[in-house]
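Reading through the structure tokens given below for one structure.
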Number of protein chains: 2
Amino acid sequence: MSPKAQPPGIAFRKHDHRRCQRQLLAEATQLCAERNLRLTSRRRQVLEILLASHQPMGAYDILAKLNRTAPNEQIAPPIVYRALEFLLGEGLIHRIESLNAFISCAHPGHRCGAQFLICRDCDQVAELEVSDNGLLAEAGSLGFAVDHSVVEITGVCAECQKHVG
Amino acid sequence: MSPKAQPPGIAFRKHDHRRCQRQLLAEATQLCAERNLRLTSRRRQVLEILLASHQPMGAYDILAKLNRTAPNEQIAPPIVYRALEFLLGEGLIHRIESLNAFISCAHPGHRCGAQFLICRDCDQVAELEVSDNGLLAEAGSLGFAVDHSVVEITGVCAECQKHVG
DNA sequence: TATGGTTACGTTATAATATAACACTATGTC
DNA sequence: GACATAGTGTTATATTATAACGTAACCATA
């Protein structure tokens with residue numbers, strides 16, 4: 001029953017981001033192919049914007065980026081929200097409820113619930129994947145059929161604690 | 001390490017609600033007295049509205065109720081949000097992030113993180129209080145200093161599973 | 001009980017987030 | 001090509017939340 005965790009979220013570690021980004025995009029492409037879904041250029045655009053950082057972004061931030069990229073067309077909110085909806089549905093991104101923001105998924109397609117550590121100092125978000133958090137078991141034992149779980153822990157990451165505040 | 005849970009949230013059980021409501025309001029009153037804080041009539045009003053049901057309510061629902069109660073005055077959003085902020089700060093209510101809604105706390109003043117089971121069929125919300133969900137320990141072991149945790153599990157409660165859909 | 005500091009409230013305006021509704025376009029199938 | 005369907009574009013609007021500033025209540029102390 002004791003939970004096992006992955007290493008800390010990628011956001012809190014240095015890594016070859018170019019490579020990481022390419023990798024995740026490739027996984028997304030393959031996953032959509034397998035599922036017979038269309039990763040259209042809009043959807044890819046939005047995913048790429050989220051992959052460009054491992055930071056959460058608000059829908060309107062994404063919108064602004066889209067509009068900055070293509071200043072001739074004027075993109076409106078529903079376009080972004082629809083792309084986000086698709087990506088969420090396929091487990092390619094997550095929504096961070098407590099930030100009203102979206103973030104690319106570190107383990108695309110797993111569809112199992114993720115957990116987030118949110119540093120309120122550096123605003124970085126780490127995605128964990130704890131296999132069993134006990135709570136889901138608890139829910140099950142109450143006869144509650146789980147659809148989706150939101151686990152978001154806010155605080156200060158180790159790095160920011162050093163540079164005090 | 002294995003989590004221990006309270007019985008399922010009060011919302012999923014029959015209970016003497018009048019009594020429960022009075023009890024929670026009394027606890028809130030005492031707690032504010034102890035902490036030397038003012039449970040003003042506005043704050044109490046908002047708390048009472050939330051205590052009237054164990055259901056989550058949006059800020060604007062609360063606002064509407066306030067305005068229905070006193071049709072002569074015209075109350076505006078900031079008044080509600082300020083009362084909510086106070087009540088949240090003292091652990092008298094919780095915010096359900098995934099619903100943008102607020103709910104009275106079943107264990108006022110504990111200040112430790114709560115967990116919620118949200119039935120998407122009957123819209124009831126049960127508050128659990130799992131002593132150790134493993135995740136907080138995990139966060140700790142990563143050197144992450146936890147401030148606040150959001151745990152919200154959406155699904156279908158046992159009752160609603162019977163009455164099928 | 002006047003005075004001043006602080007906390008809470010009231011009011012207006014507006015920001016930020018999200019969706020409804022409907023028209024148009026692209027894609028795949030026969 | 002004709003059709004069905006899925007995706008996109010566009011306009012308008014709903015929903016949730018806060019900034020900014022003035023007023024009132026509370027409360028300590030002189």
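Values in this document were obtained by computation on a predicted structure and should not be read as measured data. Chain letters run A, B, ... following the sequence lines, proteins first and then strands; every chain starts at 1.
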Euclidean distance, atom [atom1] of residue [X] to atom [atom2] of [N] [Å, nearest integer]:
X	N	atom1	atom2	result
B:L99	D:dT16	CG	P	10 Å
A:L84	D:dT8	CG	P	12 Å
A:F86	D:dG7	CZ	P	7 Å
A:Q45	D:dG7	CD	P	16 Å
A:N67	D:dT10	CG	P	11 Å
A:R35	D:dA6	CZ	P	18 Å
B:E85	D:dT16	CD	C1'	15 Å
B:I79	D:dT16	CD1	P	19 Å

What does B:R38 touch in the nucleic acid at a heavy-atom separation under 4.0 angstrom: a base, only the sugar-phosphate, or nothing? sugar-phosphate

When rounded to the nearest 0.5 Å, the distance separating CG of A:L135 from CZ of A:F144 is 10.5 Å

Which value, rounded to the nearest 0.5 Å, describes the distance between A:C157 atom SG and A:D121 atom CG? 7.5 Å

Is the distance between the ring centroids of B:H54 and B:H15 under 6.0 Å? yes

Is any side-chain nitrogen or oxygen of [X] closer than 4.0 Å to OP1 or OP2 of [N]?
X	N	value
B:Y81	D:dA17	yes
A:T40	D:dA6	no
A:R42	D:dG9	yes

Heavy atoms of chain A, cut-off under 4.0 Å: which first and last nucleotide of DNA chain C, 5' to 3', fall inside that, if you could look? C:dT17 to C:dT27

Of the nucleotides D:dA17, D:dG7, D:dT10, which one has an atom closest to the side chain of A:P78? D:dT10

Which atom pair, heavy atoms only, marks the closest approach of A:C122 to A:C119? N-SG, 3.4 Å

Using a 4.5 Å cut-off on heavy atoms from C-beta on, say whether the side chain of A:N100 contacts that of A:R95. yes

Is the closest side-chain donor-acceptor distance between A:S98 and A:E152 under 3.5 Å? yes

Side-chain H-bond candidate by donor/acceptor type, B:Q45 with B:R42, under 3.5 Å: yes

Of A:R82 and A:Y60, the one whose nearest nucleotide on DNA chain C sits closer to the 5' end is A:Y60

